[in-house]
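Nothing fancy with the numbering, it's 1 onward along the sequence.
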Amino acid sequence: MLEAKSLRKALIPPSLIPNPSPGNLQSTRLALLVNGDASSCSVFIASGCRVYKIEVSLDDSVVTKGKESLLIPVQAHVIRSSEVDRCPHRSEIQSVVLAEGDGDNCLVMGTVDSYGHLIVSQLDAVGSDVGRLSYSVLPKDSGVGEGSWAGVCFSPIHWSTAAVARSFCKSIDIYDQDIHLRSLHTLWYPAALSFLGGSITGDGSASVVAVAEGSQLTIWDLRTNHNGGCVQRICGSVGDLIYAVCSSPSGAVAVGGSDRTVTIYDPRRWSAMSRWVNCSKYEITGLSFSSTDSTCVYIQGVDYEVLCGQWKENKKIFSFRGDSNWLGFSKCANMDILAGWCESGSIFVADVWNPQSI
């Protein structure tokens, strides 16, 4: 079973971001990178048209718990903070993601704004922009129309393949670097998307995308044109919107939204393996499987709360709260370290470990 090692709270210098932009309900404007020796982590956050980097110390600390396994944060200090030197967007950034690039010392950061404009930059191993490859892609309609939430995710196999979702346009655009490959057209407004692991396709291609649109979870296979590429449509209760979707390395897919319920689907039959009803007090806007224990999931609620629990047993392990609305929240790709950015300017970083993995 997972255990919390620490929960830290740091304050962003007010001079760096005096008035953060409000963003959307989905807090997808944060990406997290743990530095090589795990003594600090770099938190990338987007406000307005810019991306900022805040480096937070990960020194050892004692875990303090309150009622109902609620973690009490300890104060941490910001080692350094700066604006990332890269091509700026022209409208508010909606999503920030990080992926491993070619080579051990290369990272790829992707950002997409409210009109679907995608900018991808290569960073070095410590998250610094050193003038490496950078490119930008405009949507096929050149971003004409009304702005809305937009999301981006990279293929776990080929970082050059990216999917960009635009809510009001009801579209998912697939790119190979700056080349537009195809567009997927959803029936409802997409609110979250995720590439599924290669174990689902069986050939390691990672060519399947899960999309949350309205009250439905839709599965799209990029290798087929039949039915527009949609190979599965799972309908939830009418009016219960889905705001979050994620997948585990074993292939399980989790969704959550306004019904405050986490549903885990088996990708072999696309039937529900488990439902954790009313696990969150308010709407669920973020989900992530644990990297060390696939039976555990991290759940982010819209009421500042984040909890970790076992979805098979519907059991909460621990939880913590921010001090105001989440503007960004994310889990490190290969480690159980989470970070959240609050409207107040606070950064919360939680370090979780699995004693059984030692």
Side-chain angles (χ1 to χ4, degrees), residues 23-30 94-95 97 112 114 116 148-153 163-173 184-197 200 208-221 227-248 251-267 269-289 296-303 305-307 309 311 314 325-326 328-331:
N24 206 287
L25 179 68
Q26 300 95 313
S27 46
T28 52
R29 294 189 295 157
L30 183 148
Q94 296 293 318
S95 297
V97 294
V112 62
S114 56
S148 62
W149 177 84
V152 58
C153 64
V164 175
R166 291 191 291 161
S167 182
F168 283 175
C169 295
K170 298 181 182 179
S171 69
I172 312 293
D173 292 311
L184 311 174
H185 300 287
T186 61
L187 296 179
W188 302 98
Y189 302 115
L193 77 165
S194 174
F195 273 100
L196 305 187
I200 294 178
V208 178
V209 181
V211 179
E213 49 169 299
S215 59
Q216 302 179 0
L217 170 67
T218 53
I219 309 300
W220 305 77
D221 194 333
N227 199 26
C230 183
V231 296
Q232 190 70 37
R233 188 174 294 275
I234 305 169
C235 300
S237 302
V238 176
D240 290 335
L241 302 180
I242 301 174
Y243 296 128
V245 60
C246 69
S247 64
S248 70
V253 178
V255 299
S258 61
D259 61 353
R260 303 181 292 120
T261 297
V262 173
T263 305
I264 311 295
Y265 289 101
D266 182 352
R269 299 182 299 273
W270 291 115
S271 58
M273 293 190 296
S274 173
R275 281 191 174 91
W276 190 357
V277 180
N278 298 334
C279 57
S280 176
K281 188 175 181 180
Y282 294 103
E283 293 93 334
I284 296 170
T285 55
L287 286 172
S288 294
F289 280 101
C296 295
V297 65
Y298 299 102
I299 304 167
Q300 176 208 342
V302 78
D303 66 329
E305 184 179 19
V306 175
L307 66 92
W311 54 266
N314 296 353
N325 291 329
W326 295 116
F329 200 92
S330 180
K331 187 185 82 69

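Listed for the Gln26 side chain is a donor-acceptor partner under 3.5 Å among the backbone atoms of Ala191. Under a 3.5 Å cut-off, the side chain of Ser248 and the backbone N or O of Ala252 do form a donor-acceptor pair. A donor-acceptor contact shorter than 3.5 Å is absent between the side chain of Ser288 and the backbone of Tyr298. Looking only at distances, no side-chain donor or acceptor of Ser271 sits under 3.5 Å from a matching main-chain atom of Arg269.
Annotation for Val152 and Leu193: closest pair N-CD2, 4.1 Å, computed over non-hydrogen atoms. Residues Ile284 and Tyr243 come closest through the heavy atom pair O-CB, 3.4 Å. Nearest heavy-atom pair, Ser237 versus Ser215, reported as atom, atom and distance to 0.1 Å: O-CB, 3.4 Å. Summarising the geometry of Ala192 relative to Ala244, their closest heavy-atom pair is CB-CA, 4.0 Å, with the distance given to 0.1 Å.
One distance of note links OG of Ser330 with CD of Gln300; it measures 9.5 Å at 0.5 Å rounding. If you take OG on Ser27 and CZ on Phe329, they are separated by 7.5 Å, rounding to the nearest 0.5 Å. Between Arg260 atom CZ and Lys281 atom NZ the span is 10.0 Å, to the nearest 0.5 Å. Rounding to the nearest 0.5 angstrom, the gap separating the CD atom in Glu283 from the CG atom in Asp303 is 9.0 Å. The OG1 atom of Thr261 sits 11.0 Å away from atom CD1 of Ile242, with the distance rounded to the nearest 0.5 Å.
The one candidate from Thr285, Val306, Leu30 that meets the side chain to side chain contact (heavy atoms under 4.5 Å, CB included) condition with Trp326 is Val306. Thr263 pairs with exactly one of Val277, Val255, Ile234 by the side chain to side chain contact (heavy atoms under 4.5 Å, CB included) rule, that one being Val255. Only one option out of Leu217, Thr218, Val209 pairs with Val245 in a side chain to side chain contact (heavy atoms under 4.5 Å, CB included); it is Leu217.
Between Pro190 and Ile172 there is a side-chain heavy-atom pair separated by less than 4.5 Å. Residues Trp276 and Ile264 form no side-chain contact, since every pair of their non-hydrogen atoms from C-beta on lies 4.5 Å or further apart. Contact of the Trp311 side chain with the Met273 side chain is registered, since non-hydrogen atoms from C-beta on lie closer than 4.5 Å. Inter-residue side-chain proximity for Asn24 and Ser114 is flagged as unmet; no heavy-atom pair is nearer than 4.5 Å. Between Arg233 and Glu213, some side-chain heavy-atom pair lies under the 4.5 Å cut-off. Within the 4.5 Å cutoff, side-chain heavy atoms of Ile299 are placed close to those of Cys279. Using a 4.5 Å heavy-atom cutoff, the side chains of Val112 and Arg166 are not in contact.
By the side-chain hydrogen bond (donor to acceptor under 3.5 Å, both in side chains) test, Thr28 is found to be paired with Ser95, Trp149, residues two or more places apart in sequence or in another chain being considered.
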